[in-house]
A.B. asks: 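Here it is: the structure, laid out below.
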Amino acid sequence: MTKRNVSTARTNLKEPIMSTTIKSRLTIVIDDDGFSLRLLSKQLELAGALEIKEFQDPAEAMALISRDPYAVGLVVSDIQMPKLDGVALVAELARIGYLGSLVLVSGDDEKVLSSVKKLAQGLRLSILGTLTKPVKPTDLLSLLEGATRLDSNTDVNQSMAISRLTPADLKRALGDYQLINYFQPKVSCEDGRVIGIEALARWKHPTLGILSPAAFLHLAEGSSLIDDLTFQLLFGPHGAIPEIRYLADRGFQGHVSVNLSQSLCQTGTADRILEGLVRNQVKPEMLCIEITETSASIDRYKALAELARLKLNRVWISADDFGTGHSTLTQINEIPFNEMKLDLSFVTGSSKSKGKTAILRACIQMAKELNLTTVAEGVETREDWDSVVSLGCDSAQGYFIARPMAGADLIPWLERWEIRRRSFSENLFTRPKRKLEEVIH
Ligand code: C2E
Ligand code: CA
Ligand code: CA
């Protein structure tokens with residue numbers, strides 16, 4: 001193990017990229033190849049890492065992390081090492097309760113990296129991304145910049161407090177109506193019209209600020225809290241249904257999409273939703289239900305019956321995260337979907353990946369044959385936009401268009417968007433050659 005205390009070596013670097021949560025803790029670099037190890041370490045030093053430890057032996061690195069998982073802010077590791085491959089490394093980090101960020105590096109093709117990344121996500125590790133060797137400094141910096149953005153409203157104490165939240169805290173929060181929706185617009189690829197908004201749960205915590213679902217959904221899953229949470233976010237005072245009623249009264253013609261775990265589709269769910277729509281005077285076609293998970297333990301026929309009833313009553317049904325383990329081909333054949341939502345893991349960065357492009361093309365083709373509309377989620381850049389438009393996707397959602405926003409910001413955003421959209425010639429959005437950035441920012 002080599003330790004490099006580099007705080008003095010980078011005095012002339014004016015704008016370090018690394019987030020404070022990562023930088024204030026130890027950075028660990030693991031690679032059995034000495035040259036590669038030093039190169040990565042140097043790049044991290046230039047990015048702002050204050051204390052770096054280098055390991056050629058992954059077992060030594062794991063021993064150090066397990067002594068105090070919280071002391072480490074970032075692990076950057078090769079996934080092809082004779083003593084511990086990427087799969088074992090990720091499983092070990094999860095087992096010892098590592099809470100910091102992770103970057104995986106490989107000299108092999110992107111598919112292997114992407115599988116190990118999926119595994120890390122499945123184990124709830126905070127993976128910033130993957131890099132192929134030789135690592136380009138710009139690629140590393142953009143991953144670390146992503147972490148800085150995520151980190152901008154959080155700090156070390158806050159992330160510890162979030163990790164200590166309990167189901168009882170969430171139950172109290174539901175009683176106090178602290179659960180709210182943020183909304184993200186979904187626009188047509190054809191003409192940029194806003195065709196819908198997706199409601200995304202947030203916890204407006206009195207001391208910790210706005211928390212995203214990753215901080216609290218797991219506290220609700222598997223208990224009656226998920227039921228309370230879902231119906232409060234649908235029909236409660238900050239609910240998606242009152243919001244779409246409010247927008248429709250002001251001329252908005254799109255629908256609202258809500259996320260529903262399939263395990264919630266028990267007998268009575270459809271009635272409860274349909275009654276709520278009547279109570280709020282919202283037409284069923286103004287609601288789209290995104291089905292987010294398939295659990296082996298649920299009664300699939302009960303779920304199917306509830307979804308079929310909703311569909312018969314003209315509620316729109318969407319297959320969320322299509323192409324991932326959560327949304328399968330069997331499901332697409334069984335459930336009466338209207339919409340296929342292409343998972344962001346295939347959309348973000350698709351212009352640079354033959355594999356992602358091939359998957360997107362196949363999914364869009366399948367959706368057309370099944371008469372389903374397609375939505376690309378995770379459109380982050382102009383390149384992502386061009387990619388999904390050229391593949392014939394119907395609509396798109398993502399940071400390139402708008403980040404999820406509070407309900408109060410929606411009307412001003414919709415008004416600004418409409419002015420920009422109309423000020424450009426027709427078919428702008430189907431002609432990727434024109435500069436979409438001019439319309440948006
Ligand atoms: P999802 O349904 O796949 O929602 C999309 C997620 O991607 C959202 O994360 C959204 O903020 C994020 N996102 C949007 N555009 C971009 C982009 O361009 N790039 C990237 N990297 N991400 C983007 P969020 O809000 O943290 O939600 C995470 C997940 O939590 C959702 O994934 C959904 O599965 C679940 N969720 C959210 N609200 C609810 C809810 O009320 N009930 C249930 N059961 N699940 C919910
Ligand atoms: Ca969704
Ligand atoms: Ca999704």
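As the structure lists them, so they are numbered: ligands from 1, and atoms in each ligand from 1. All values derive from a computational prediction rather than experimental measurement.
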A.B. asks: Going by the order shown, which atoms of ligand 1 are within less than 4.0 Å of some heavy atom of Asp321?
C.D. replies: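 Within the 4.0 Å cut-off of Asp321, ligand 1 contributes 3 (O).
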
A.B. asks: Can you name the N/O/S atom of Glu290 that is nearest the Ca ion (ligand 2)?
C.D. replies: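 Atom name returned: OE1.
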
A.B. asks: Can you see whether Phe252 has Arg250 sitting over its ring - NZ or CZ less than 6.0 Å from the centre and within 45° of the normal?
C.D. replies: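 The answer is no, since Arg250 fails at least one limit relative to Phe252.
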
A.B. asks: Counting only heavy atoms not in Asp176, do more than 12 fall under 6.0 Å of its CG?
C.D. replies: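 Yes, the 6.0 Å shell around CG holds more than 12 heavy atoms from other groups.
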
A.B. asks: Please state whether the separation between the Ca ion (ligand 2) and some N/O/S atom of Asn259 is under 3.0 Å?
C.D. replies: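 Checking the Ca ion (ligand 2) against Asn259, an N, O or S atom does fall under 3.0 Å.
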
A.B. asks: Of all the N, O or S atoms in Asp320, which has the shortest distance to the Ca ion (ligand 2)?
C.D. replies: OD2

A.B. asks: Closer than 4.0 Å to some heavy atom of Gln184 - which atoms of ligand 1 meet that?
C.D. replies: 14 (C), 15 (N)

A.B. asks: Can Glu306 and Arg309 be counted as an ion pair, charged N to O under 4.0 angstrom?
C.D. replies: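 Looking at Arg309 together with Glu306, the answer is no, because their closest N to O distance does not fall below 4.0 Å.
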
A.B. asks: Give the atom numbers and elements of ligand 1 that come within less than 4.0 Å of a heavy atom of Pro404.
C.D. replies: 11 (O)

A.B. asks: Taking the basic N atoms (NZ, or NE/NH1/NH2) and the acidic carboxylate oxygens, is any pair closer than 4.0 Å for Lys171 and Asp228?
C.D. replies: no

A.B. asks: Taking atom 23 (C) of ligand 1 as the point of reference, which of Tyr399, Phe216, Tyr182 owns the nearest heavy atom?
C.D. replies: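 That would be Tyr399.
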
A.B. asks: For the Ca ion (ligand 2), does an N/O/S atom of Asp321 lie at less than 3.0 Å?
C.D. replies: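 Looking at Asp321, which is the residue asked about, there is no N, O or S atom under 3.0 Å from the Ca ion (ligand 2).
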
A.B. asks: Would you check whether Ser212 has a nitrogen or oxygen atom less than 3.5 angstrom from a nitrogen or oxygen atom of ligand 1?
C.D. replies: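 Min N/O separation from ligand 1 is not below 3.5 Å for Ser212.
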
A.B. asks: Please classify the Ala201 to ligand 1 contact at 4.0 Å (heavy-atom distances, strictly less than): side chain, backbone, both or neither.
C.D. replies: both

A.B. asks: Rounded to the nearest 0.5 Å, what separates atom CG in Leu391 from atom CG in Asp386?
C.D. replies: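 It is 10.5 Å, given to the nearest 0.5 Å.
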
A.B. asks: Could you list the donor-acceptor pairs under 3.5 angstrom formed by side chains in residues 274-283, with sequence neighbours left out?
C.D. replies:
from   : atom 1 : to     : atom 2 : distance (Å)
Asn280 : ND2    : Gly276 : O      : 2.8

A.B. asks: Taking heavy atoms and a distance under 4.0 Å, where does Lys341 meet ligand 1: side chain, backbone, both or neither?
C.D. replies: neither

A.B. asks: How many angstroms lie between atom CD1 of Ile28 and atom CG of Leu44, to the nearest 0.5 angstrom?
C.D. replies: 12.0 Å

A.B. asks: Just by modelled atom types, is the Leu174 backbone N or O under 3.5 Å from a matching donor or acceptor in the Gln232 side chain?
C.D. replies: yes

A.B. asks: Test of understanding: given a 4.0 Å heavy-atom threshold, classify the contact between Glu377 and ligand 1 as side chain, backbone, both, or neither.
C.D. replies: side chain

A.B. asks: Determine whether any heavy atom of Arg403 lies closer than 4.0 Å to an atom of ligand 1.
C.D. replies: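 Judged by the 4.0 Å heavy-atom criterion, Arg403 does not count as contacting ligand 1.
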
A.B. asks: Tell me which one of Asn259, Val379, Asp320 gets a heavy atom nearest to atom 42 (N) of ligand 1.
C.D. replies: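 Ranked by closest heavy atom to atom 42 (N) of ligand 1, first place is Asn259.
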
A.B. asks: Salt bridge or not for Asp139 and Lys352, using N-O below 4.0 Å?
C.D. replies: no

A.B. asks: Would you check if the Ca ion (ligand 2) lies under 3.0 Å from any N, O or S atom of Glu377?
C.D. replies: no

A.B. asks: Can you name the atoms of ligand 1, numbered from 1 with element, that are less than 4.0 Å from a heavy atom of Glu198?
C.D. replies: 2 (O), 4 (O)

A.B. asks: What distance separates Asp169 CG from Phe216 CZ, expressed to the nearest 0.5 Å?
C.D. replies: 13.0 Å

A.B. asks: Which ligand 1 atoms, with their elements, are less than 4.0 angstrom from a heavy-atom of Leu233?
C.D. replies: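 Checking each atom against Leu233, I get 41 (O).
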
A.B. asks: Kindly write out the residues that satisfy ring-ring contact (aromatic ring centres under 6.0 Å, His included) with His238, not counting sequence neighbours, or none if the list is empty.
C.D. replies: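 ring-ring contact (aromatic ring centres under 6.0 Å, His included) check on His238 returns nothing, list empty.
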
A.B. asks: Restricting to N/O/S, name the atom of Glu198 that gets closest to the Ca ion (ligand 2).
C.D. replies: OE2

A.B. asks: With distance as the sole test, does Asn338 use its side chain to make a donor-acceptor pair with the main-chain N or O of Ile317 at under 3.5 Å?
C.D. replies: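 Confirmed, Asn338 side chain pairs with Ile317 backbone.
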
A.B. asks: Any non-hydrogen atom of Thr230 lying under 4.0 Å from ligand 1?
C.D. replies: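 Judged by the 4.0 Å heavy-atom criterion, Thr230 does not count as contacting ligand 1.
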
A.B. asks: Does ligand 1 have a heavy atom under 4.0 Å from the side chain of Leu217, from its backbone, from both, or from neither?
C.D. replies: side chain

